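Working notes, structure below.
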There are 2 protein chains.
Amino acid sequence: MGLNALFKALGDETRREILRRLARGDMAAGEIAAAFDLSWPTISHHLSVLKEAGLVQDEKKGQYVIYSLNTTVFQDIAGWLFDLLGTITERQPAKKGEARKENGK
Amino acid sequence: MGLNALFKALGDETRREILRRLARGDMAAGEIAAAFDLSWPTISHHLSVLKEAGLVQDEKKGQYVIYSLNTTVFQDIAGWLFDLLGTITERQPAKKGEARKENGK
DNA sequence: TGGTTAATTAGATTTATTTCTAAATATCCC
DNA sequence: GGGATATTTAGAAATAAATCTAATTAACCA
């Protein structure tokens, strides 16, 4: 369920904002939490969703947990996008006014 | 909430499969429903989610409702992706082993 | 060791989402 | 018009998601 978790993770404004901040540089969990008007456990939960989706990584550094963006999964998104757009361009465009009735298989 | 609806819509396997089929060509609602092991109302609901997100369009054609992919919103996804990746490349890479402690504002 | 700071886990609550069946609406055709 | 087909709307049930407070775990420090 890679793409599912990925898109679900991205379908939340708070999580996208976390990613935007991590794009500027790595941050500790508490530093991230402080940037939002939400409780720490809530942010902690969002971070775990992002981590499950492969969008971020974490690394324990003493008493801190440093989060960083994992850019490799963006290839999955791009790949999915290209697949879909590729499929579109493959099909022959019907002539204007021509009816399509076949639905292949 | 454009991106929110967009990513949420994409976070469902059934809906992504609908998009994949529409990428091959326009289809009537019933034709789509027939391709899945789900009830018509369920598919109808998924179609409305996709429509809300701007991923598909519909057009009434006699007694049929023909759905088609709306490719323009993919620019939104690509734009969001590029923004994020752009932000990453903007930041100067820290030298190996060097600690980052600033968090900009 | 004991206190303080950092972060997560547990458990509960509220709100969304997915899915169904049944009913309603719209269009076609005779 | 009236029946048949296509699709959506209504309403309900089950599951998942977002959020909170309280409690727990982990690491530092004096």
Side-chain angles (χ1 to χ4, degrees), chain A residues 1-19 21-22 25-69 99-103, chain B residues 1-19 21-22 25-68 99-101 103:
Chain A
M1 294 293 84
L3 278 178
N4 235 49
L6 194 45
F7 283 125
K8 273 185 181 167
L10 294 174
D12 181 280
E13 175 64 39
T14 300
R15 289 196 288 262
R16 285 197 307 281
E17 174 65 20
I18 291 174
L19 293 178
R21 285 170 185 269
L22 288 179
D26 302 352
M27 293 173 81
E31 211 177 348
I32 297 169
F36 293 88
D37 197 23
L38 292 167
S39 73
W40 275 46
T42 296
I43 296 298
S44 188
H45 166 254
H46 282 309
L47 286 169
S48 93
V49 170
L50 289 169
K51 191 173 154 189
E52 291 276 318
L55 282 159
V56 304
Q57 303 168 303
D58 63 343
E59 184 193 359
K60 185 131 202 181
K61 207 107 188 193
Q63 56 192 146
Y64 300 93
V65 178
I66 308 297
Y67 280 85
S68 59
L69 216 56
R100 285 176 221 77
K101 56 169 183 296
E102 80 290 342
N103 74 331
Chain B
M1 295 293 86
L3 279 177
N4 235 49
L6 194 46
F7 283 125
K8 273 186 181 165
L10 294 174
D12 181 279
E13 175 63 39
T14 300
R15 288 194 288 262
R16 285 198 306 280
E17 175 64 21
I18 290 174
L19 294 178
R21 286 169 185 270
L22 288 179
D26 302 352
M27 295 173 81
E31 212 177 347
I32 298 170
F36 293 88
D37 197 22
L38 291 168
S39 73
W40 276 46
T42 295
I43 297 298
S44 186
H45 167 253
H46 282 310
L47 287 170
S48 92
V49 170
L50 289 170
K51 191 173 154 190
E52 291 275 318
L55 282 158
V56 304
Q57 302 168 304
D58 63 343
E59 185 192 357
K60 185 130 202 181
K61 208 107 187 193
Q63 55 192 145
Y64 300 93
V65 177
I66 308 296
Y67 280 86
S68 59
R100 286 178 221 76
K101 58 172 184 295
N103 72 334

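A note on names: the letters A, B, ... follow the listed sequences, proteins ahead of strands, and every chain is numbered from 1. Values in this document were obtained by computation on a predicted structure and should not be read as measured data.
Contact annotation: B:Y67 reaches the phosphate of D:dT8 (side-chain N/O to OP1 or OP2, under 4.0 Å). The side chain of A:S39 contributes no N or O atom lying less than 4.0 Å from OP1 or OP2 of D:dT19. Under 4.0 angstrom from either OP1 or OP2 of D:dT8 there lies no side-chain N or O belonging to B:Y64.
Between B:F36 atom CZ and C:dC20 atom P there is a gap of 12 Å when expressed in whole angstrom units. Put simply, NZ on B:K60 is 8 Å from P on C:dA26, counting in whole angstrom units. Spacing between atom CG of A:D58 and atom P of C:dA7 amounts to 11 Å, rounded to whole angstrom units. Atoms NZ (A:K61) and C1' (D:dA26) sit 17 Å apart, rounded to a whole Å. Look at CG on B:L47: it is 13 Å from P on C:dT18, rounded to the nearest Å. Distance CG (A:L50) to P (C:dT8): 12 Å, rounded to an integer number of Å. The CD-P distance, from B:E52 to C:dT18, rounds to 13 Å in whole Å. For B:F7 and C:dA16, the CZ to P distance is 21 Å, given to the nearest whole Å.
Across all strands shown, A:A33 has no heavy atoms under 4.0 Å from either base or sugar-phosphate atoms.
The side-chain tip of B:R16 does not point at the ring of A:F7 from less than 6.0 angstrom away and within 45° of straight on.
Counting heavy atoms from C-beta outward, B:L10 and B:L55 have side chains that approach closer than 4.5 Å. Residues B:F36 and B:H46 form no side-chain contact, since every pair of their non-hydrogen atoms from C-beta on lies 4.5 Å or further apart. No side-chain heavy atom of B:D58 sits under 4.5 Å from any side-chain heavy atom of B:L47.
Along DNA chain D, the nucleotide nearest to B:A29 and the one nearest to A:W40 differ in position, and the one closer to the 5' end is contacted by B:A29.
When all heavy atoms of A:L22 and A:M27 are compared, the closest pair comes out as CD2-N, 3.8 Å. When all heavy atoms of B:G30 and B:W40 are compared, the closest pair comes out as CA-CH2, 3.3 Å.
Side chain of B:S48 to main chain of B:H45: a donor-acceptor pair is present (N/O by atom type, distance under 3.5 Å, no hydrogens or angles).
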Any chance you could list the contact pattern along nucleotides 12-18 of chain D? Use B for base contacts, S for sugar-phosphate-only contacts and - for none, protein heavy atoms under 4.0 Å, 5' to 3'. -----SS
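The listed nucleotides are D:dA6, D:dC20, C:dT21; the one nearest the side chain of B:Q63 is D:dA6.
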